[in-house]
Enquirer: 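Below are the structure tokens for one structure; questions will follow.
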Amino acid sequence: MNPLPHLRTLFEPILTQLATNAAKVPDYLGMIRVSQNPEHGDYQANFAMPLAKELKKKPPDVAAEIIAKLPENDLLELPQVAGPGFINLKLQSDWLAQQVRSMAADSRLGITPLAQPKKFVIDYSSPNVAKPLHVGHIRSTIIGDALTRLLRYLGHSVISDNHLGDWGTQFGMLIHGYRNFLVQEAYAKDPLRELARVYVEIRHLIAKEAEDLAIAKRVFPDDIEDLQTPTVVQCQRETAKLHAGDPDNVALWQEFMPHCLEALHQVYHKLGILPFDHEHGESFYNPMLPGVVADMLAKGIAFESEGAIVVPNVKGNVPKTEEERKKEEPPALIRKKDGAFTYTTSDLATIKYRIEAFQPDAMVYVVDFRQALHFRTFFAQARRWGCSDVALEHVSFGAMLSREGKPLKTREGNASELLPLLDDAVELGLRSYRESYAQRKEFGHDVPELSDAVIQDIAEAIGSGAVKYADLSQNRNSDYKYDPEKMLATEGNTATYMQYAYARCRAIFRKGQIDDARFRSSPPAVMIVHPAERTLCLQLLRFEEALLSAAAEYMPHYITAYLWDLAKSLSVFYENCPVLTAESPELKESRLLLVDLGGRVMKQALDLLGIRTVERM
RNA sequence: GGCCCCGUAGCUCAGCUGGAUAGAGCAACGGAUUUCUAAUCCGUCGGUCACGUGUUCGAAUCACGUCGGGGCUACCA
């Protein structure tokens, strides 16, 4: 149903016949692409120009020759040569109509089953527990969630793993706080809330101490634990005891963990994130770390240097002198000279565990671009260690910046916490709904009276959808300028626009009291009589193309770009093509099919992004 | 110092494995509605694609250099 493979199949024999170098044919076939300008057809083939060079002919002549060799087919109108040798391709409307009809009958919406499904392990979100989630955590979480949904929908097997930071200094803080600042009654009543309060109190205390040291202003709020204030020192002592296996501290850690996880899961739930298959954090891998170091030493991959155990860099070197360190990439430390292990050790233990436990084809890490160098060296070390049969991917994403373009961590206060943002978003969803309701009411439109529960549901779908879409619609490699106004927008290229387009699809069926089932079980013929219908059909058939490219490059914004085009096509269609009052019963049936299918594709595509739809809004 | 990323309309961003006149949204301005949901649609305005040189039929896209911003650079993750 995706037109592109059909087009390639049509041209492949001709190109194979003409090209002197058969190896270039796949490249040429890749030069068939969607036209940027609809005046240039639905697709355009750009291979005549390089092919002409290869054949030492004029591009327009080669283009004409290719067209002349095209076999009889019901796919294309007669192609046109334009400009320096472009071949403009326009699909026959009858072909489009037939394909859309078969797509409607397909429960998978035209997505062809995979010849070779793969098994992925995706590592995303991975926050430090016992700290409130920051807006900076949202990108990994949302992108990873979308990729998990997408790959699964295409037919791959995906194991999602949340590599929690559950063994760090924040537990020293909680333990110290528990011993000194806990209100027992409050803890008994609501441990989660009391622990959060204690955590905040400790941070405030440290911040105050740091201020007394007259350095607070120059330090990021995230890093206040790094200052050697009296409280920090005490917290570090508790952390060290925990790591050393102190029974009291370990017992407290075990007591706290469920509450920390519960807090985390509450936010995930609010965000609408799929449950993780695993949440194996640092503590899970901790017992394996000595073995990792011993094994790497035994295999000669790692060795001692300046008291630490290191693994050479990508080039196989361990820079020693000042000169070398300036020029060369650093080695990775897997054991510090004080005997403690590092994140690299933990990452190596993780990769080994995942290979043994899951035997994946690919392991994907959805992590900040700042760790690019770490992943490059870590992947190289894993390979040397024998992890060779698995594809390793660092799906990186840009920094979260303030509105002024500064790194977000310089922001102060609680403004950048995730939970308040989500609450704001839902509140905004509610306000938007009420405004829209009032306007329609005032205009004299027949507006349904919905229950508070339904309205609340709409507000939540709009709110969390807006926040996610704002992030997912941007190329993940770009830095993201954090702007609540942008995240809460409900006009233009936003989740709300998509949800609205979907709700309108459903409104037609509701208004006409029509059952949609027959448009899926035995779809009627599709008639293309208006350009808006043609555009919509073409857009529907491009669904698979959008998903495949999004998956191939781990780029969710390809899906939002598709959604935006589809939703616009639907809007223009609504504008120009009356459905329930269509001129003939056949046309009405055809349009109902388009509306139903359009809604289904919208809903499915949004679902792949983790964005909900509602039947009315 | 070395390496990596970025610089596109007033703002936020697409486009970057080279392709036709560089596209959206927001903002500004002007229109459309007794609606199958106006959270919409149509139109206008707006660009030396940071700058320079090169590669070629063709460069926002590739190469080199300059300027500006950010990041990483063995004992934090």
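Computed from a prediction, not measured in an experiment: that's the story for all the values here. Chain letters run A, B, ... following the sequence lines, proteins first, then strands; residues in each count from 1. The figures here come from the full heavy-atom set of this structure, side chains too, leaving out hydrogens, waters and symmetry mates.
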Enquirer: Using a 4.0 Å heavy-atom cut-off across all strands, classify A/P319 as base, sugar-phosphate, or nothing.
Expert: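 Result for A/P319 = base.
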Enquirer: Sticking with atom P, work out how far B/rC72 lies from B/rG54, rounded to a whole angstrom.
Expert: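 Pairwise P distance, B/rC72 against B/rG54, rounds to 37 Å.
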Enquirer: Given the C1' atoms of B/rA59 and B/rG52, what is the spacing between them in whole Å?
Expert: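 Taking atom C1' in both B/rA59 and B/rG52, they lie 14 Å apart.
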Enquirer: Is the closest side-chain donor-acceptor distance between A/S571 and A/Y497 under 3.5 Å?
Expert: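 A donor-acceptor contact under 3.5 Å links the two side chains.
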Enquirer: Sequence neighbours excluded, which residues qualify as salt bridge (Lys or Arg N to Asp or Glu O under 4.0 Å) partners of A/E324?
Expert: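 Here no residue qualifies.
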Enquirer: Counting heavy atoms from C-beta on, name the nucleotide in B/rG19, B/rC72, B/rC42 closest to the side chain of A/V572.
Expert: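 Ranking B/rG19, B/rC72, B/rC42 by closest atom to the A/V572 side chain puts B/rC42 first.
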Enquirer: Taking atom P in both B/rA24 and B/rC41, compute the distance separating them and give it to the nearest angstrom.
Expert: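 Per the computed distance, 13 Å lies between those P atoms.
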Enquirer: By the 4.0 Å heavy-atom rule, please label A/N475 as base, sugar-phosphate, or nothing.
Expert: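 Sugar-phosphate only.
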Enquirer: Using a strict cut-off of less than 4.0 Å between a Lys/Arg side-chain nitrogen and an Asp/Glu carboxylate oxygen, indicate whether A/D516 and A/R506 qualify as a salt bridge.
Expert: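 Yes, charged N to carboxylate O under 4.0 Å.
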Enquirer: So, does A/R370 get its side chain near the phosphate of B/rA77, meaning an N or O under 4.0 Å from OP1 or OP2?
Expert: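 False: A/R370 side-chain N/O out of range (4.0 Å or more) of B/rA77 OP1/OP2.
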Enquirer: How is A/R33 classified with respect to the nucleic acid when contacts are heavy atoms under 4.0 Å: base, sugar-phosphate, or nothing?
Expert: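 Sugar-phosphate: the residue A/R33, judged by heavy atoms under 4.0 Å, touches backbone atoms but no base.
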Enquirer: Would you measure the distance from the C1' atom in B/rU48 across to the matching atom in B/rA60 and give it in whole Å?
Expert: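 Approximately 13 Å lies between the C1' atom of B/rU48 and that of B/rA60.
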Enquirer: Quick check: on RNA chain B, is the nucleotide nearest A/I508 upstream (toward 5') of the one nearest A/R376, or the reverse? Name the residue that is more 5'.
Expert: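 By nearest-heavy-atom nucleotide position, the 5'-most residue is A/R376.
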Enquirer: Tabulate below the donor-acceptor pairs under 3.5 Å that side-chain atoms of residues 49-59 of chain A make, not counting sequence neighbours, or state none.
Expert:
from, atom 1, to, atom 2, distance (Å)
A/E54, OE1, A/Y28, OH, 2.5
A/E54, OE2, A/T20, N, 2.7
A/E54, OE2, A/T20, OG1, 2.5
A/E54, OE2, A/N21, N, 3.0
A/K57, NZ, A/E65, OE1, 3.4

Enquirer: Looking at A/K90, I'd like to know if its NZ atom is crowded, meaning that more than 12 non-hydrogen atoms belonging to other residues, nucleotides or ligands lie closer than 6.0 Å.
Expert: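 Counting other residues, nucleotides and ligands, NZ of A/K90 stays at 12 neighbours or fewer.
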Enquirer: Across the strands shown, which category fits A/A372 at heavy-atom distances under 4.0 angstrom: base, sugar-phosphate, nothing?
Expert: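 Result for A/A372 = nothing.
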Enquirer: Reckon A/L373 touches a base, only the sugar-phosphate, or nothing at all at heavy-atom distances under 4.0 Å?
Expert: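 Sugar-phosphate contact only - A/L373 comes under 4.0 Å of backbone atoms but never of a base.
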Enquirer: Along nucleotides 20-31 of chain B, 5' to 3', which nucleotides get a B, which get an S, and which get a -, given that the test is a protein heavy-atom distance under 4.0 Å?
Expert: B---SSS-----
Enquirer: Distance check, C1' atoms only: B/rG46 and B/rU12, in whole angstrom units.
Expert: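 Those two atoms are separated by 15 Å.
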Enquirer: Aromatic rings A/W167 and A/H243: how do their planes relate, parallel, tilted or perpendicular, breaks at 30° and 60°?
Expert: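 Taking A/H243 first and then A/W167, their aromatic rings lie parallel (interplane angle under 30°).
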Enquirer: Could you check which of B/rG19, B/rC42, B/rG15 has an atom nearest any side-chain atom of A/H557?
Expert: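 The closest nucleotide is B/rG15.
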Enquirer: Rounded off to whole Å, could you give me the CD-to-P distance for the A/E553 and B/rC16 pair?
Expert: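 In whole Å, B/rC16 P lies 9 Å from A/E553 CD.
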Enquirer: Please determine if a side-chain N or O atom of A/Q499 lies less than 4.0 Å away from the OP1 or OP2 oxygen of B/rA39.
Expert: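 False: A/Q499 side-chain N/O out of range (4.0 Å or more) of B/rA39 OP1/OP2.
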Enquirer: Starting at NZ of A/K481 and ending at C1' of B/rU8, how long is that distance when rounded to a whole Å?
Expert: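 About 13 Å, once rounded to whole Å.
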Enquirer: Could you work out which one of B/rA39, B/rC13, B/rU73 sits closest to the side chain of A/S432?
Expert: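 Of the candidates, B/rA39 comes closest.
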Enquirer: Would one find a side-chain N or O of A/S436 under 4.0 angstrom from OP1 or OP2 of B/rA39?
Expert: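 Indeed, a polar side-chain atom of A/S436 lies that close.
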Enquirer: What contact category does A/Q439 fall into here, base, sugar-phosphate, or nothing, at under 4.0 angstrom with non-hydrogen atoms?
Expert: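 Touches sugar-phosphate only.
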Enquirer: Has A/Q499 got a side-chain atom pairing as donor or acceptor with A/R612's backbone, closer than 3.5 angstrom?
Expert: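 Answer holds: yes.
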Enquirer: Given the P atoms of B/rA50 and B/rG7, what is the spacing between them in whole Å?
Expert: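 Nearest-Å result for B/rA50 against B/rG7 at atom P: 7 Å.
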Enquirer: Whole-Å distance between B/rU55 P and A/K53 NZ?
Expert: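 The distance from NZ of A/K53 to P of B/rU55 comes to 13 Å, rounded to the nearest Å.
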Enquirer: For the pair A/E586 and A/R591, find out whether any cationic side-chain nitrogen is under 4.0 Å from an anionic carboxylate oxygen.
Expert: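 Result for this pair is no, no salt bridge flagged.
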Enquirer: Please report the distance separating the C1' of B/rA20 from the corresponding atom of B/rC11, rounded so that it comes out in whole Å.
Expert: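 Nearest-Å result for B/rA20 against B/rC11 at atom C1': 30 Å.
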Enquirer: Within the 4.0 Å heavy-atom criterion, would you say A/C577 contacts the bases, only the backbone, or no part of the nucleic acid?
Expert: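 Base contact.
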Enquirer: Please determine whether a side-chain nitrogen or oxygen atom of A/K486 lies at a distance below 4.0 Å from atom OP1 or OP2 of B/rC11.
Expert: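 No, A/K486 has no side-chain N/O under 4.0 Å of OP1/OP2 on B/rC11.
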Enquirer: Please give, in whole Å, the distance from B/rC11 P to A/Y482 OH?
Expert: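 Value for this atom pair: 22 Å.
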Enquirer: Can you list the residues that meet the salt bridge (Lys or Arg N to Asp or Glu O under 4.0 Å) rule with A/E545, with sequence neighbours excluded?
Expert: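 Listed in chain order: nothing, the list is empty.
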Enquirer: Let me know the distance between CZ of A/R325 and P of B/rU73, rounded to the nearest Å.
Expert: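 So the CZ-P distance, A/R325 to B/rU73, works out to 14 Å.
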Enquirer: Are any of the side-chain nitrogens in A/R370 or A/D368 under 4.0 Å away from the carboxylate oxygens of its partner?
Expert: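 Judged by the 4.0 Å cut-off on N to carboxylate O distance, A/R370 and A/D368 do form a salt bridge.
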Enquirer: Name all stems that contain residues of RNA chain B, defined as runs of 3 or more consecutive Watson-Crick or G-U wobble pairs, both distances under 3.5 Å.
Expert: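 Stem segments, range with range: B:1-7 with B:67-73, B:10-13 with B:23-26, B:28-32 with B:40-44, B:50-54 with B:62-66.
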Enquirer: At less than 4.0 Å, is any side-chain N or O atom of A/Y497 found next to OP1 or OP2 of B/rC41? Yes or no.
Expert: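 For B/rC41, OP1/OP2 do have a side-chain N/O of A/Y497 under 4.0 Å.
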Enquirer: Please report the distance separating the C1' of B/rC13 from the corresponding atom of B/rC49, rounded so that it comes out in whole Å.
Expert: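 Roughly 14 Å separates the two C1' atoms.
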Enquirer: Does A/E279 have any salt bridge (Lys or Arg N to Asp or Glu O under 4.0 Å) partners at least two apart in sequence or in another chain, and if so, which?
Expert: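 Checked A/E279 against salt bridge (Lys or Arg N to Asp or Glu O under 4.0 Å); zero matches.
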Enquirer: Rounded to whole Å, please give me the gap between OH in A/Y480 and P in B/rA14.
Expert: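 Taking OH of A/Y480 and P of B/rA14, I get 11 Å after rounding.
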Enquirer: Please pick, from B/rG19, B/rC36, B/rC41, the nucleotide with the shortest atom-to-atom distance to any side-chain atom of A/E575.
Expert: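 It is B/rC41.
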Enquirer: Hey, which sits more toward the 5' end of RNA chain B by its nearest nucleotide, A/P50 or A/T581?
Expert: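 Of the two residues, A/P50 wins.
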Enquirer: Is A/F509 touching bases, backbone alone, or none of the nucleic acid, heavy atoms closer than 4.0 Å?
Expert: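 It contacts nothing in the nucleic acid.
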Enquirer: For A/N313, answer base if it contacts any base atom (sugar-phosphate contacts may also be present), sugar-phosphate if it contacts only those atoms, and nothing otherwise; contact means non-hydrogen atoms under 4.0 Å.
Expert: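 Contact class for A/N313: none.
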Enquirer: Under 3.5 Å, is there a donor-acceptor pair between the A/E435 and A/Q439 side chains?
Expert: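 Result is no, nothing qualifies.
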Enquirer: Can you tell me the distance, in whole Å, between the CG atom of A/D479 and the C1' atom of B/rC4?
Expert: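 Checked: the CG to C1' distance equals 13 Å.
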Enquirer: Whole Å only: how far is the CZ atom of A/F397 from the P atom of B/rC6?
Expert: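 One finds 16 Å between P of B/rC6 and CZ of A/F397, rounded.
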Enquirer: Could you tell me whether A/E449 and A/R616 have a side-chain N and a carboxylate O separated by less than 4.0 Å?
Expert: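 Salt bridge absent between A/E449 and A/R616.
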